[in-house]
Each structure stands twice: as structure tokens, then as C-alpha cells.
Amino acid sequence: MSQAASVEHSVGQLGIEDGKLGMWVFLASEVMFFVGLLSTYIVLKAGHPAWPGPQGHLSVPLGTLNTLILILSSMTMALSVAAVSTRNAGALRLYLLATIVLGSVFLGIKSIEYSAKFHHEIFPSTSVFWSCYFVLTGVHALHVIVGVGVNAWVLSKTWDGNFWTSKSHRVELSGLYWHFVDVVWIFLFPLLYLL
Amino acid sequence: MTYKNYIVVWAGLTGLMLLGVALSYLPISHGTVVAGVLALSAVKAVIVGMYFMHLKFDSKVLTAIAVAPLPLAIVLMVLILLDKPFLLR
């Protein structure tokens, strides 16, 4: 049984909450989506003798900082789910808000990186490397934006009268999505910045 | 899991991430760095899945769903890598 304590949501024949089962199937499809993009990146990198080339510089300190922020946000998300299991509304709202803020900071740093590249006239059309960089990080950033939005929506629902009886499982579902976004970055960061 | 457990998991993930960054600066062969850094990423992903996403405590059906794309992902990656000789021409 999950750590979430909401009780009024349907459980199928497998003994798994419908929402959680659906979310995991969705995440499995997302894995294939990102594996397609990452495989393309890897084969292009392997087939290029001087990848990423002299202009392919990325800031490792900024990338490292963003990774630290995203890992920290995963912990605050996990703490939100733990707060649901103890029915601690104050802690739940605090940790959800922290997750939203950290996700927003991640996007802010990413936008600083993007604007620096644009300032140096580096665009997706500049080279194959930069095309890959903007597509991979852009698609990931879109996922972060969705995650921040969903978490903000879930946070707003914590004030609803029926939250603890029928809506608290949403914290765990949005948490699964958020952790997935973290896992994607765990692979994107070293592939783009370190290797 | 308790709050303390989650903080311990976070500290472990942070340590592994910084280890990967440090590894990439070591004067060793590029192949070793690639293998080491990607292995660390895989370990981190498993830790996030097991503890933050609760796969360790949930039904094994969910673990099966989570792992199901991996063989397909390997097939996809191999098929795309077959293009490498074409790219090197």
C-alpha cells in the first residue's frame, strides 16, 4: 500500500489504485519518448569526430547547481507525500510550496543559460550539437513547467473541504511525475555537460 | 519511510551526483569516465525509483511496468546506433 492516506479512490483487481497504475503506464511511455531523443543524441555524438566542437561549451557549475536543486526538490516532494500519510496539512503545504519554488528556480537558471547562449548568437540552428541541446533541455523544461503547474494546482486543492477524504492521493501522483522529471535530468546532465 | 529516511536518501543522491562531476575531471581515459558517470546515473535513478517513488514498498506490478520499457529502450538504442557507420562515412 502506498504511503498516501487518502481512502476514497478506486482500487482495481491488481490491488493498485487506478490513478497510480495509470500514472506508471504513462511514465513508461515517457521513458520511451526520452530514450528516443537520448539515443539520437548518443548516435550523433558517436558519429561526430569533434563533438561538440570548440563552440560547444556549457557551464558545468550552473548545470551542477541546477542538478542539486532538482534533487533537493525531489526530496521535498517525497516529504510532501510523507506529510499526507501523517495528515499534516501544514507540512504538506510547506513541502509542496518548496518543491514549486525549487522547480521555478531550476527554470530560472535554465533561462539564464539560454539567454547567455542567445546573447552569443548560439541558436538551435547553429550546429547539430546545439540543436540537440535545445531540444533535449527544452523538452525537459516543458516537463518541469507542467510539474510546477500540477503541483501548484494540487497545493491549491489542499484547502478544499474534501481534500483528505478524496483528493490527497493526487499528491502522490504528482510526486511520481516530479520524480520522473528528476530521473530524466539525472541522465541529461552528465550526457550534455560532463561527457 | 520517515522524514529522516528521505533526507538520508537525498544526501546519498547528492553525494553520488558530486562524485560523478568529480569523476569527469579526473585524468583517466574518456571511456572509463563515460562508464563511471553513466553507471552512477543508473544507480541514482534506481534509488529515486525505489525510495522516492516507493517502488520498493509498492506492488511488484508497478516495478514490472517501470522496468518494461528498458528492453524496448535497448532495442531502440541499438537500432538507432546502427546509423553510426552511415554518419561516419
Side-chain angles (χ1 to χ4, degrees), chain A residues 1-4 14-16 20-21 23-25 27-32 34-36 38-40 42-44 46-49 60-61 63-64 67-68 71-72 74-79 81-83 85-86 91 95 172 175-176 178-180 182-184 186-191 193-195, chain B residues 1-3 5-7 9-11 13-14 16-18 20-21 23-25 30 33-34 36-38 40-49 51-55 57-59 61-70 72-74 76-89:
Chain A
M1 177 59 193
S2 73
Q3 311 241 332
L14 293 170
I16 303 167
K20 190 189 283 188
L21 186 62
M23 178 56 80
W24 271 108
V25 172
L27 293 182
S29 73
E30 285 274 85
V31 169
M32 292 307 295
F34 276 103
V35 165
L38 287 174
S39 302
T40 306
I42 290 168
V43 73
L44 287 170
H48 200 288
V60 174
T64 303
T67 309
L68 289 171
I71 291 175
L72 183 61
S74 248
M75 184 195 72
T76 56
M77 190 73 235
L79 292 177
V81 177
S85 67
T86 56
Y95 292 129
E172 187 171 28
L176 287 174
W178 190 257
H179 295 311
F180 171 77
D182 183 27
V183 168
V184 171
I186 280 173
F187 285 97
L188 271 188
F189 168 64
L191 279 172
Y193 289 76
L194 300 181
L195 301 179
Chain B
M1 280 179 65
T2 63
Y3 285 31
N5 293 142
Y6 285 121
I7 292 168
V9 171
W10 164 74
L13 287 170
T14 301
L16 288 173
M17 195 280 285
L18 293 174
V21 175
L23 192 63
S24 70
Y25 284 100
H30 185 66
V33 172
V34 170
V37 169
L38 290 182
L40 284 171
S41 292
V43 170
K44 282 180 282 181
V46 169
I47 290 172
V48 171
Y51 295 101
F52 282 173
M53 300 172 94
H54 300 149
L55 283 176
F57 314 104
D58 275 333
S59 164
V61 174
L62 295 180
T63 303
I65 293 171
V67 173
L70 299 184
L72 298 171
I74 291 169
L76 178 64
M77 200 168 281
V78 169
L79 287 175
I80 295 176
L81 278 170
L82 291 177
D83 259 352
K84 186 185 170 187
F86 169 76
L87 288 170
L88 286 174
R89 273 196 307 194

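Naming: A, B, ... by sequence-line order, numbering from 1 per chain. Remember, it's a predicted structure, so these values are computed and weren't measured experimentally.
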Between atom CE of B:M17 and atom CD1 of A:I186, what is the distance when rounded to the nearest 0.5 Å? 9.5 Å

Any side-chain to backbone donor/acceptor pair from B:S59 onto A:I16? Under 3.5 Å, distance only. no

Using non-hydrogen atoms only, which part of A:L194 is less than 4.5 Å away from chain B: side chain, backbone, both, or neither? both

Give the minimum heavy-atom separation between B:D58 and A:E172, together with the two atoms involved. OD2-OE2, 4.5 Å

Heavy-atom pairs under 4.5 Å with chain A, option from B:L62, B:L40, B:L76 with the top count: B:L62

Can you tell which part of B:S24 gets under 4.5 Å to a heavy atom of chain A, answering side chain, backbone, both or neither? side chain

So, do A:W24 and B:V61 sit near enough that their side-chain heavy atoms are less than 4.5 Å apart? no

Need one label for A:V183: side chain, backbone, both or neither, based on atoms under 4.5 Å from any heavy atom in chain B. side chain

So, the part of B:L55 with a heavy atom under 4.5 Å from chain A: the answer is side chain

Under 4.5 Å from any heavy atom of chain A - which part of B:M77: both

Report the C-alpha distance between A:Y95 and B:Y3 in whole Å, list the side-chain angles of each, state the deciding distance to 0.1 Å, and finish with yes or no for ring pair (Phe, Tyr, Trp, His ring centres under 6.0 Å). CA-CA 11 Å; A:Y95 292 129; B:Y3 285 31; 5.8 Å; yes

Non-hydrogen atoms of chain A under 4.5 Å away: do they reach the side chain of B:Y51, the backbone, both or neither? neither

From CA spacing to verdict: side-chain contact (heavy atoms from CB on, under 4.5 Å), B:H54, A:V81: CA-CA 10 Å; B:H54 300 149; A:V81 177; 3.6 Å; yes

If I measure from the heavy atoms of chain B, does A:A91 come under 4.5 Å with its side chain, its backbone, both, or neither? side chain

Please lay out, stage by stage, how A:L72 and B:T14 fare under the test side-chain contact (heavy atoms from CB on, under 4.5 Å). CA-CA 8 Å; A:L72 183 61; B:T14 301; over 6 Å; no

Assess whether side-chain contact (heavy atoms from CB on, under 4.5 Å) is satisfied between A:L21 and B:I65, documenting all intermediate values. CA-CA 9 Å; A:L21 186 62; B:I65 293 171; 3.4 Å; yes

How many angstroms lie between atom CG of A:L188 and atom OG of B:S41, to the nearest 0.5 angstrom? 10.0 Å

In terms of heavy-atom proximity below 4.5 Å to chain B, should A:F189 be classed as side chain, backbone, both, or neither? side chain

Minimum-distance pair of heavy atoms, taken over all atoms of A:S39 and B:I80: CB-CD1, 3.5 Å

Under 4.5 Å from any heavy atom of chain A, what part of B:A68 do you find: side chain, backbone, both or neither? neither

Spacing of CE belonging to B:M53 relative to OG belonging to A:S74, to within rounding of 0.5 Å: 8.5 Å

Can you name the nearest heavy-atom pair linking B:W10 to A:M75, along with the distance? CB-SD, 3.4 Å

Portion of A:L191 that has a non-hydrogen atom of chain B nearer than 4.5 angstrom: side chain

Please flag which part of B:I7 lies under 4.5 Å from any non-hydrogen atom of chain A: side chain, backbone, both or neither. both

Checking B:V48 against chain A: side chain, backbone, both or neither under 4.5 Å from a heavy atom? side chain

Interchain contact, B:V37 with chain A, by part (heavy-atom threshold 4.5 Å): side chain

Does a side-chain heavy-atom distance below 4.5 Å link B:L72 with A:V31? no

